[in-house]
Amino acid sequence: MVAATGNADTSVGQDELVKAVDRALISHGRALLTGPAGAGKTEVVRAVAAAAESRRETVLRLAPEAADQWIPEASAAALLATVPGAALEQLSGPQRTAIALLCRETDAPRAGRDHVALRLAVVEVLRALAARHPVLLVIDNAQWLDAESTDLLRFALRLTPPRVRVLVAECVQGGAPVGEPLCGTGTPAIRVPPLGADEIAELLVRHGLPARLAGRIHQASGGNPRLALALGHSLAEAAGARDGGAHHADTLPVSGQAREVARRLLAEAPAQARRTLLLAALAARPTTALLRRAGRPDAEAELAEAERATLVRVAEDGSVEFTAGALPTALAADAGWPERSAAHAALAEAVDDPVQAVRHRALAVDTPDQWLAAEITEAAAVCRRRGQRALAAELGLLAAERTPSHLAGEELARLVNAAEDAGWAGRADLARRATRAVLARDASPASRVRARLAVIDAAGQALGALDETFAYAMADAAGDPSLEAAVQLRIAWKHNLSDGDPVRSRDAAARAGALAALGGDQVAEAMALTVRARMGRILGDPGAEAILAEALALPAPEVPLGMRNAPQYLAVRHALFDDRLDDARKQLMVLLPAVQRTGSAEDVFEVLRSLTEVELRSGRCTAASARARQALELTIEAGLSPGPAWYVAAMAEATGGSFGRAAGYARRGIQASHEEHDQVFLSRSLHALGLVELATGEAAKAVATLRRVAELEAAQKVVDPSILRWHGELAEALVAADATDEAARLLDSVRSVARGLGRTGVVAALDRARGLCLSAQGEADAAVQLLEATAQRFETLRLPLERGRTLLALARVERRRRRRAPARVALLAAAEVFERAGATPWTELAREPAAGDGGRTEAATAAALTEAETRLALLVSQGASNQEAAAKLFLSVKTVEARLTRIYQKLDVRSRAQLATALATALRATR
């Protein structure tokens, strides 16, 4: 048999595809699997075949290679060579001879063979195999079948019994498809879709590649798994070779294996179409009209061929988009300079945007030109005013390259401006490129500092790997208070974000403020005060609000360091922390169009993040989910650090989407934050995961996850509990895990801090956990009274989802003391709150008989067991040993044994069989 080659592990995100193929095989007996090279068809085929083998079906596999298509009957020989000998013994003499000749003499002249006998032999072999067991014939890479084998198989499959099922997988890029002729018209065709950004992230993690690269790789690969892995390895190698493993790769390296994969995809386009594709690759916004004006009169027809090969998408308005960002990069890289130059010259005459015209004219030549450089510089200024900072950076670099050597001062100024534009746009690749050029010249200390700061600004959350850059910037800034202030300000950000040390961050900000005041830089002074106010809030400093007011009083007409670092934005965050949600939302709606005009993707993301959080706490889950999607799409498009976006998506899903998807986003956020040493969003993503685990009844896991949050927050010296409200969730998880005393101690310590700082919303959340704690301690009346009062407080605070969660807790307590009517009332009220808010997963919890435990809490309350005891009882009654239950619940075997003793006593049972019966009876009695 001919083996398949070149297939990466692309099984991510394909469970539903495997099920779809199985359904098609069951209903029709035939199925076609299509998609471009590298899409993951082979992995789906393997999964389907493995499932068939597990059902004891006979699986025949055929996977020809490209060279086999030119060898007559090569694939037929490979297939028959795998057939068990017993199936051949029943054949007639001429049929056995025909098969023997085929398998031994594939390259011999065909004229002397009995082709009729051979065809009948294949039919008889398949019938004989099917008589014993169902047969699955799998043909992968069907596009490489030779014509003679295709003809033979088409004949045989028309005569096979229904117990022979056929799965054909092929690339449909170019050439005539063979799948439908083999299987017959009407055969279900299932196309392998591209992977989403989340699935690309999972694929990268499985292969030991940084998850933070997922957004860029998704764009560059178009969701093609093989291309994504090739790009991921190229990016990781480029980063490791340059700076010891830091995850800041420069320009996407479509080289090595990645370029070969891209070339194979592009090879499906005819030569004429490739010339049109090159023009589209070099244009900023390609359209069919533009390509026609640039000298391709048959652009529509040629693009239609490329579209059939899944290389581009052509919209109704004629706009052209490549399915994978690596394709235009590979096209441009493989084209020679004369071809690229001619294409840019044609585009310069065809585009209607003066900025793009200048860009193409500059790219059409490779010699310095003083006047052209000046034109490019002016175009960059236009882009800066438009908020197109990434394009401004690209043009700035181009202007520097076209600047004659005798204008060294102008060249240096253009490089520094390009670096700063790149820093503003979050383009680490362009910032590093411009900075390297600045440092290679006789630049002043001020120019060197500005360039290095641009690299820091472009790094996003990953500041931990830039210690050397900070050190050089400090050395160059020495003696200039304004420059020293700018460096100290960024050091303050790093201490908070990467080091998780708000005290050092506050102190660095204080130094930055003093230096800024000395240098007369009021904008930097306001920024430094903002950091001090932010750290003060974290550290529980009552004077933080006064510091923020001082920052707001300073004039700051322009925000060169980003709105996310401005006092106006921190005021919004404080309003959110204080549950002044209407105020926060109004201010955010003013900031959103402002930051969209600036061209800073990080600023836009920050505003979208805060809007998501405001909408969630206000009980507008649909709006929150829309904002979270915007934030995630922006992160992918701009290549920002993905950890914060995945955290935002996790919280939106945990409230208004799906607990399963929320857990997936949270885990990806944890992974990315680990990679970037981002302590702030590591805590947040862990909190999101812990919330999901608590809601879905996995108390032991929730305790472990939320304890990690507590440890991180303690290490970061966080005092104010209003910033990340994990305390109540950890207490609830401890109660559910039968650690009531620990929960009570936690609640007492945090409550005193929250009351002292006036954090009423936090106190209410702690009281909800306190109510569950009282119930577990046997004080049911006090628990009910406290929970009813807490639900009313949340209504007054206009925090509907918190009120709904409190009503769920109330229902749980009422059921524990066997008051079914009040419990039902509380559940109905909770369901109404959640449904009105669009909190889909919580609505489902409120409608379950167990208020979130899928019937388990019903059984527990009816049998007077705690939730922790119920989980253990259910596991044991379902056959788990003590050791297995201990591993599942993260307990010691001794704890399991002691807890089982209490359960037996409460239920008055003496065996596991009696335990199972008692649980089933209790569950039926409460329904």
Would you check if the side chain of E713 reaches a backbone N or O of A710 as a donor-acceptor pair within less than 3.5 Å?
no
Partner set under side chain to side chain contact (heavy atoms under 4.5 Å, CB included) for Q777, not counting sequence neighbours
T740, D741, A744, R770, C773, L774, E779
Are E814 and R824 close enough for a salt bridge, meaning some N to O gap below 4.0 Å?
no
Heavy-atom check, side chain of E676 versus side chain of L497, under 4.5 Å:
no
With no hydrogens and no angle check, is any side-chain donor or acceptor of T705 less than 3.5 Å from a backbone partner on A702?
no
On a heavy-atom basis, the closest approach of A649 and A628 is CA-CB, 4.4 Å
Is there side-chain contact between N496 and D501, with heavy atoms separated by less than 4.5 Å?
no
Locate the shortest heavy-atom distance separating V719 from V753; write the atom from each residue and the value.
O-CG1, 3.7 Å
Evaluation steps, side chain to side chain contact (heavy atoms under 4.5 Å, CB included), between E615 and R585
CA-CA 8 Å; E615 301 291 23; R585 191 174 188 278; 3.0 Å; yes
If you round to the nearest 0.5 Å, how far is OG1 of T655 from CG of L801?
6.0 Å
Does S505 use its side chain to pair, donor to acceptor, with the backbone of P502 at less than 3.5 Å?
no
Do the non-hydrogen side-chain atoms of R707 and L734 ever get within less than 4.5 Å of each other?
yes
Carboxylate-amine/guanidinium proximity below 4.0 Å for E606 and R573:
no
Between S673 and Y647, do the side chains contain a donor N or O and an acceptor N or O under 3.5 Å apart?
no
Is there a donor-acceptor contact under 3.5 Å linking the side chains of E675 and Q671?
yes
Closer than 4.0 angstrom, basic N to acidic O: yes or no for D579 and R798?
no
Using the six-membered ring wherever Trp is involved, compare the ring planes of W842 and F834 and label them parallel, tilted or perpendicular (cut-offs 30° and 60°).
tilted
Beyond-backbone contact of L845 with F659, side-chain heavy atoms, under 4.5 angstrom:
yes
Closest approach of R793 to A764 (non-hydrogen atoms, all atoms of both residues):
NH1-CA, 3.8 Å
Residue pair R768 / E802, side-chain heavy-atom distance below 4.5 Å:
yes
Do the side-chain N and O atoms of E653 and Y665 include a donor-acceptor pair separated by under 3.5 angstrom?
no
Answer yes when E742 and R745 have at least one side-chain N-carboxylate O distance shorter than 4.0 Å, and no when they do not.
no
Within this structure, what is the CG-CZ distance for the pair L694 and R805, rounded to the nearest 0.5 Å?
6.5 Å
N-O pairing of E16 and K19 below 4.0 Å:
yes
Worked verdict on R609 versus E613 for salt bridge (Lys or Arg N to Asp or Glu O under 4.0 Å):
CA-CA 6 Å; R609 171 172 81 99; E613 293 171 344; 3.5 Å; yes
Does the side chain of R537 come under 3.5 Å of the side chain of S722 through a donor N or O and an acceptor N or O?
yes
Of all the heavy-atom pairs spanning A650 and A666, show the shortest one and how long it is.
CB-N, 3.7 Å
Taking the side chain as every heavy atom from C-beta outward, state whether R759 and R725 have any atom pair closer than 4.5 Å.
no
Does the side chain of L799 come within less than 4.5 Å of R617's, by heavy atoms?
yes
Check E832 with R836, please: is the shortest side-chain N to carboxylate O separation under 4.0 Å?
yes
Would you mind reporting whether V709 and L730 have side-chain heavy atoms less than 4.5 Å apart?
no
If you take all heavy atoms of S641 and T635, which pair is closest and at what distance?
O-CG2, 3.7 Å
Checking L608, T612, L632, L616 against V648 for side chain to side chain contact (heavy atoms under 4.5 Å, CB included), the one that qualifies is T612
Between V813 and G771 the two heavy atoms that sit nearest each other are CG2-O, 4.5 Å
